[in-house]
Amino acid sequence: MNNEEDFLQKDSTRDEGNETEDNSMNKLRRKKVTKPHVCSTEVGEMDMSNSNDCMRDSSQILAPPQLSSRMKHIRQAMAKNRLQFVRFEATDLHGVSRSKSIPAHFFQEKVSHGVCMPRGYLEVIPNPKDSEMNRIRATCFNSDIVLMPEVSTFRVLPWADRTARVICDTFTVTGEPILTSPRYIAKRQLSQLQASGFSLLSAFICDFCIFGVPEFLNSKTISFPASTFLNNHDQPFMQEIVDGLYHTGANVESFSSSTRPGQMEICFLPEFGISSADNAFTLRTGVKEVARKYNYISSFFIETGFCNSGILSHSLWDVDRKKNMFCSTSGTEQLTITGKKWLAGLLKHSAALSCLMAPTVSCRKRYSKDSKDLKESVPTTWGYNDNSCIFNIKCHGEKGTRIENKLGSATANPYLVLAATVAAGLDGLHSSNEVLAGPDESTDFCQAETSEIPLKLEDALVALEEDQCLRQALGETFIRYFVAMKKYELENEEIAAERNKFLEYFI
């Protein structure tokens with residue numbers, strides 16, 4: 001059985017017009033279904049302040065003259081910066097960059113034809129003896145794939161000598177999208193959201209740790225936190241990261257030391273569409289490369305006692321991006337009906353969401369950090385301006401009402417976090433009529449269906465497998481592969497060795 005068959009979600013066409021909350025909700029009931037289309041060679045303006053749309057329809061594919069015009073800007077940037085190489089980057093299952101670099105003078109040719117890469121670079125295939133992987137493993141998992149660049153993401157890398165990068169989508173050699181690609185899955189969900197009359201404004205808030213030069217004690221490698229970061233004494237390091245991110249199109253709103261020595265937090269400015277996940281993806285590589293210049297080691301891994309979070313702050317807007325659908329016009333600091341429905345979807349699917357957003361054994365410990373009781377699960381919590389809650393609703397500030405999804409850890413793939421959040425929220429918009437039963441806030445939410453968050457990864461995998469909504473939204477192919485990979489990791493990875501594995505892998 002070919003793993004690339006018949007699991008595509010049908011996308012919906014976009015209705016036009018300036019939407020109010022009521023008629024945006026009505027669009028959920030009158031969608032026209034069409035076949036999805038992925039365009040990876042679209043070129044945005046070279047202005048870094050512009051956001052990339054999640055997906056465009058086929059009418060917006062660039063004609064050759066338009067592509068030639070955009071390529072002219074890129075050639076000028078190449079000449080100005082005397083570029084030698086261009087990285088074609090794609091995300092693997094864990095959100096880590098996998099890339100192939102080409103000489104810069106071949107870039108225009110590769111824009112049209114893509115760059116081939118063994119599929120195993122992005123999808124690690126476990127031991128052939130593993131029965132579960134044998135069941136879903138097919139010839140296509142050992143074949144080449146094609147990295148097709150989204151040219152609007154072309155940026156000169158400040159932290160790499162005479163090198164630029166472009167973020168790619170992945171396709172089979174016959175031109176079909178790779179159904180296990182996290183970025184493709186996120187784009188597909190954003191397209192579904194747009195077809196329902198909405199758009200998503202979002203930003204990631206990411207923690208990471210900085211360690212000093214490793215030292216060898218009794219034949220063991222020991223890395224000490226860079227404790228000077230507790231008081232922001234090492235400003236040049238962080239300033240170089242922030243400035244570099246800006247030049248790659250990722251605007252940082254703020255950065256600060258976090259709760260422990262060597263732990264830093266970066267908060268991005270919110271953007272529409274796929275850009276927020278692209279920014280978090282870029283951060284991982286940028287922090288790693290800048291840290292090495294300063295003789296540091298960076299890690300997004302959650303070690304025991306640490307809480308490296310990957311918060312997705314987001315709000316729902318009308319399709320024209322003019323109205324925040326979470327903001328109440330009554331002047332009260334509470335969610336609108338649309339916002340309550342969206343939140344109800346997040347609450348309902350929180351158990352399955354946690355599997356994608358806290359995908360390792362260690363990072364799930366953060367869910368029970370305040371509890372001394374031995375439990376198998378913890379309640380899903382929500383609240384207004386309460387940073388202890390899993391879903392924190394913030395109504396203050398110039399950003400307007402937004403929901404912080406704090407299920408995520410720093411090790412989660414940002415594209416999967418984005419995709420799963422949209423899928424759960426959309427399900428809430430479609431099916432959560434019961435959330436409107438009561439006249440006050442407490443009655444509204446007591447009738448919303450919720451699920452508890454499993455503390456064990458094994459239980460979270462079961463919740464993901466049993467969640468029919470997420471299985472359909474993210475795709476059967478992806479769910480089967482993700483669950484198989486996680487089961488393989490659980491069976492073959494000793495907890496004592498997990499820290500070393502992820503310290504090296506997630507930097």
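Every value quoted in this text rests on a predicted model; they were computed, and no experiment measured them. For the single chain, residues carry numbers from 1 onward in sequence order.
L457 has its side chain within reach of L490: a pair of non-hydrogen atoms, C-beta onward, lies under 4.5 Å apart. Side-chain atoms of F85 and D161, non-hydrogen and from C-beta on, never get closer than 4.5 Å to each other. For the pair F208 and I266, the minimum side-chain heavy-atom distance is below 4.5 Å. In this structure the side chain of R98 reaches within 4.5 angstrom of the side chain of L122, judged on heavy atoms. Counting heavy atoms from C-beta outward, I145 and V173 have side chains that stay 4.5 Å or more apart. Between L316 and L429 the shortest side-chain heavy-atom distance falls below 4.5 Å. You'll find the side chain of L346 reaches within 4.5 Å of the side chain of T421, heavy atoms only. The shortest distance between side-chain heavy atoms of D144 and M117 does not fall below 4.5 Å.
With hydrogens and angles left out, the side-chain atoms of S181 and D169 include no donor and acceptor closer than 3.5 Å. Side-chain atoms of T170 and R183 form no donor-acceptor pair, as typed in the model, at a separation below 3.5 Å. Judged purely by distance below 3.5 Å, without hydrogens or angles, the side chains of S409 and T411 pair a donor atom with an acceptor atom.
Remark: the backbone N or O of K322 is not paired with any side-chain donor or acceptor of D320 at under 3.5 angstrom. At distances below 3.5 Å, not a single donor-acceptor pair connects side-chain atoms of R165 with backbone N or O atoms of S101. Between the side chain of N81 and the main chain of L83, no donor-acceptor pair closer than 3.5 Å is present. Using modelled atom types, one side-chain atom of Q189 and one backbone atom of A473 make a donor-acceptor pair closer than 3.5 Å. Here the side chain of S191 pairs no donor or acceptor atom with the backbone of K187 at under 3.5 angstrom. Between the S275 side chain and the E271 main chain, no donor and acceptor come within less than 3.5 Å of each other. In this structure, S354 contributes its side chain and A351 its backbone to a donor-acceptor pair below 3.5 Å.
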Worksheet item: For F198 and D318, what are the C-alpha separation, side-chain angles and deciding distance, and is it a side chain to side chain contact (heavy atoms under 4.5 Å, CB included)?
Response: CA-CA 4 Å; F198 300 101; D318 68 289; 5.8 Å; no

Practice prompt. For side chain to side chain contact (heavy atoms under 4.5 Å, CB included), just list the numbers for L93 and N413, CA-CA rounded to whole Å, side-chain angles, deciding distance to a tenth of an Å, and then say yes or no.
Written response: CA-CA 7 Å; L93 185 70; N413 187 312; 5.7 Å; no

Discussion item. Between T174 and T172, is the side-chain hydrogen bond (donor to acceptor under 3.5 Å, both in side chains) condition met? List the steps.
Written reply: CA-CA 5 Å; T174 56; T172 67; 2.9 Å; yes

Discussion item. Let's go through H247 and W159 carefully: what are the C-alpha distance in whole Å and the side-chain angles of both, what is the deciding distance for side-chain hydrogen bond (donor to acceptor under 3.5 Å, both in side chains) to 0.1 Å, and is it a yes or a no?
Written reply: CA-CA 10 Å; H247 284 92; W159 45 72; over 6 Å; no

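A352 and A463 get closest at one heavy-atom pair: CB-O, 3.8 Å. Considering all non-hydrogen atoms of both residues, L418 and S202 come closest at CD1-OG, 3.8 Å. Nearest heavy atom pair, residue F268 against residue A250, reads CE2-CB, 3.8 Å. Scanning all heavy atoms of the two residues, the minimum distance from P270 to A203 falls at CA-CB, 3.5 Å.
Salt bridge status for E489 with K486: present, with a side-chain N to carboxylate O gap under 4.0 Å. A salt bridge links R87 with E89: the distance from a Lys NZ or Arg NE/NH1/NH2 to an Asp or Glu carboxylate oxygen falls below 4.0 Å. Comment: K293 engages E240 in a salt bridge, judged by a side-chain N to carboxylate O separation of less than 4.0 angstrom.
W317 is linked by a side-chain hydrogen bond (donor to acceptor under 3.5 Å, both in side chains) to S315, counting only residues two or more places apart in sequence or in another chain. Every residue meeting the ring-ring contact (aromatic ring centres under 6.0 Å, His included) condition with F281, not counting sequence neighbours, appears here in chain and number order: Y415. Among residues two or more places apart in sequence or in another chain, the ring-ring contact (aromatic ring centres under 6.0 Å, His included) test is passed with F107 by F88, F154. Taking E466 as the reference, nothing meets the salt bridge (Lys or Arg N to Asp or Glu O under 4.0 Å) condition, with sequence neighbours excluded. Partners of F204 under the ring-ring contact (aromatic ring centres under 6.0 Å, His included) rule, at least two apart in sequence or in another chain, do not exist in this structure. Residues passing the salt bridge (Lys or Arg N to Asp or Glu O under 4.0 Å) test with E265, sequence neighbours excluded: none.
Note: H314 and W342 have tilted aromatic rings, judged against thresholds of 30 and 60 degrees for the angle between ring planes.
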